[in-house]
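Please read the structure below before turning to the comments.
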Amino acid sequence: MQEEQRERARRRIAELRELIAHHDYLYYVLDAPEISDAEYDALMRELAALEEKFPELVTPDSPTQRVGGAVQSTFAPVRHRVPLLSLANAYTEEELRAFDERVKRWLGTDDVQYVGELKIDGLTVALSYRDGVLVQGATRGDGITGEEVTENVRTVKAIPLRLAGGRTFSLAVRGEVYMEKKDFERLNRRREEEGEPLFANPRNAAAGSLRQLDPRVTAGRPLKVFFYSLLDLEGAPVPRTQWEVLSFLRECGLRINPHSRLCRNIDEVWEYCRYWEERREELPYEVDGLVIKVNSLAQQEALGSTGKSPRGQIAYKFPAEQAFARVEDIIVQVGRTGALTPLAVLTPTPLAGSVVSRASLHNEDYLREKDIRIGDVVVIQKAGGVIPEIVRAVKERRTGQEREFSFPTRCPACGAQVERPPGEAVARCIGLRCPAQIQEAVLHFASRDAMDIEGLGPALVKQLFERGLIRDPADLYYLQRSQLLELERMGEKSAANLLAAIEKSKGASLERVIYALGIRHVGLETARTLAEHFPDLDRLMAASVEELQAVPEIGAVTAESIHRFFSEPQNRAVVERLRQAGVNLRAEPAAAREGERPLAGLTFVLTGALASLTRREAEEEILRRGGKVSETVSRRTSFVVVGEEPGSKYDRARALGIPVLSEEEFLALLAKGPEVLKEKEGRG
Ligand code: IVH
């Protein structure tokens, strides 16, 4: 009976996988879906449910298994079986015609056809299928050796885990993984909201997304792919032309770009180039040129390569589109983390498909270096196609009316001091009451290692800010129950919980308070050192730069930063209001602290991936308990914590006889303190 059920499940699973693969093919390769998203989801859900019931029937090529890979600590090197060459460039019609002349001369014939393809601005991947199943994905690297990114590649939905139509060939293909412009912009918007650094262009976003040690991160990124070369093929007749290669790839379910064209001669090639040069902005993704390939593979073979690039192919690069614009003003924006970015306000100027009215000037040095002045005529272009940048000021057109811009020493959003440590390019506002930074500042203040106010997440902070209930972190201690109850999704219970969490945080240790203030260069460990050396916050606030620098492990930059922070009146005012609210600003006597610092005096080195914690989490757990984390194993190392696939640090630990902890032992140590390891330490 059970056997029968299993057999039925096996058949339905096979059927579902085939159906899903077929609809993936229609959707991703042919761009012609036949069922709705909801119907597709229903198939996936049915498959997942059956596989859950019969886990022994799960196979790696099942569409449910796209995200299954574990977090890695590095990418393994892969030697490409066929070197991945690059292309020579042509920038003008003449250069393109010279290429055609060369090709014909080498081949001794005028009978040459070409395939024109879009040159997608993404990153190269090489995929291997064995007996029809995807077995490996690699980046290009230097063309000889790349990095293995199989688990990441598997998460890209347009990449089939099996070749279409049950084909069981073994082959290797080359393609380009890319991100569409709108997806890139959406991703960057989200990153901006979350205070994460932005990607400069879609290509960087695609590359950064594919080169992720955690495949789940890649899975969350909207990556797409186009394939264009066959590197290797077994089990099927080898195509004779590039044009056949493209249709062969498509039949195999490997997505190809629809805008390729077969050209009978170089005149048609040139027509193709002009056509796309004008329309490149209409494409949903970025192309930085076109690739022109001799169609006959026998001819390509005969032409051979010049070491780095094949003689039968060339990239025609589009000239960067540029325009003149006038700088009407230079303004300074304050980001969520306090970074001040100068921006040029331009007379609205059409450029490459959109109207540009602003361009980032990045930072003060950039502005100086380019010597851009208010009133200047400047040359603008789109860097990598999307983000406008200023190429140069046209000094010949200066009238003498232009004004040099002086970088503000006060924050334009709040008036606090601006700090720019020596050697750093970015200037930052240090104000705790800066409206541009307040949400970020409050979130940090309330975070787990800081005041640990549970339930105070980004959505809530946003609401509190928008309703004018918080202007700085101290305002948290003055929130009223009635004010909270007016917020969206806030009931009696959650309001009471939040107020209780806020109340509880008043008793947090001094080191947490110091850390919570978000002083630049003052992380957890520095905050702890400071709390050990100053009996209370008042003494810290009053300390001179010299006094601060006299504290062990506090360097000049940090001392400067702390001193400047407390010299800012708005920051002192916030501290005053924290005091009035009853927040603890005193250090505990050393004896009371010992219990909180069970790992004091111990130094840890981490190697390999842990299953239950990320590297950063593990480090924080150690620091929080008073331990130290080091990058290198030395005789001073107390323990080396070893996860999956440890690196050379493990070997070094063994060579030096440093005690090694498994993940399990490490977790026990965190939970119960070093008592649990007495025996181990003795041995080491
Ligand atoms: S053919 C032997 N075709 O452009 C070189 N490359 O150096 C084979 N690219 O990084 C490359 N679209 O990844 C070819 N349709 C296309 C392409 C393309 C983008 C990339 C390629 C390489 C660069 C050329």
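Computed from a predicted model, the values in this text were never measured in an experiment. In listed order, ligands and their atoms are each counted from 1.
Atoms of ligand 1 found under 4.0 Å from any heavy atom of Pro310 (numbered from 1 in listed order, with element): 2 (C).
The protein heavy-atom contact nearest to atom 15 (N) of ligand 1 is Glu117 OE1, 2.8 Å. With respect to atom 20 (C) of ligand 1, the closest heavy atom belonging to the protein is Glu176 OE1, 3.4 Å. In terms of protein heavy atoms, atom 10 (O) of ligand 1 is closest to Thr124 OG1, 3.2 Å. Ranking the protein heavy atoms by distance from atom 3 (N) of ligand 1 puts Lys293 NZ, 3.0 Å first. Tyr228 CE1, 3.2 Å is the protein heavy atom nearest to atom 14 (C) of ligand 1. Considering only non-hydrogen protein atoms, atom 8 (C) of ligand 1 sits nearest to Arg174 NH1, 3.5 Å.
Ion pairing of Lys649 with Glu631 is present here, as a side-chain N (NZ or NE/NH1/NH2) and a carboxylate O approach within less than 4.0 Å. In this structure, Glu101 does not pair ionically with Arg105, as no charged nitrogen and carboxylate oxygen lie closer than 4.0 Å.
For the pair Ala315 and ligand 1, no heavy-atom separation below 4.0 Å is found. Not a single heavy atom of Leu123 lies less than 4.0 angstrom from ligand 1.
Residue contacts with ligand 1, taken as heavy atom pairs separated by less than 4.0 Å, involve Lys119 via backbone and side-chain atoms alike. Residue Leu87 touches ligand 1 through backbone and side chain together, judged by heavy-atom distances below 4.0 Å. When non-hydrogen atoms are compared, ligand 1 lies under 4.0 Å from neither the backbone nor the side chain of Asn257.
The shortest distance between side-chain heavy atoms of Met179 and Pro222 falls below 4.5 Å.
No more than 12 heavy atoms of other residues, nucleotides or ligands sit less than 6.0 Å from atom CD of Glu644.
Ring pair Tyr285/Phe226 is perpendicular by interplanar angle, where above 60° counts as perpendicular and below 30° as parallel.
Of the candidates Gln113, Glu117, Gln300, Gln313, Lys293 forms a side chain to side chain donor-acceptor pair (under 3.5 Å) with just one, namely Glu117.
Taking distance alone, with nitrogen or oxygen atoms compared against 3.5 Å, Ile120 approaches ligand 1 more closely than that limit. For the pair Arg140 and ligand 1, the shortest N or O to N or O distance does not fall below 3.5 Å. Polar contact with ligand 1: absent for Gly175 (N/O pair, distance under 3.5 Å). Residue Ser229 places no N or O, backbone or side chain, under 3.5 Å from any N or O of ligand 1. Residue Gln313 has no N or O atom closer than 3.5 Å to an N or O atom of ligand 1. Polar contact check, Ser86 against ligand 1: no nitrogen or oxygen pair lies under 3.5 Å apart.
For Thr59 and Asp61, the side-chain atoms include at least one donor-acceptor pair closer than 3.5 Å. For the residue pair Thr124/Arg140, the side-chain donor-acceptor check at 3.5 Å is not satisfied.
When every heavy atom of Leu367 is checked against every heavy atom of Pro342, the shortest pair comes out as CD2-CB, 4.5 Å.
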- prompt: For Phe99 and Tyr316, what are the C-alpha separation, side-chain angles and deciding distance, and is it a ring-ring contact (aromatic ring centres under 6.0 Å, His included)?
  reply: CA-CA 11 Å; Phe99 161 73; Tyr316 171 72; over 10 Å; no
task: In sequence, state the C-alpha distance, the side-chain angles, and the governing distance for Arg221 and Val217, and then conclude on side chain to side chain contact (heavy atoms under 4.5 Å, CB included).
output: CA-CA 7 Å; Arg221 300 276 172 81; Val217 177; 3.7 Å; yes
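The closest heavy-atom contact to atom 5 (C) of ligand 1, among the options Asn89, Val287, Ile314, Leu85, comes from Leu85.
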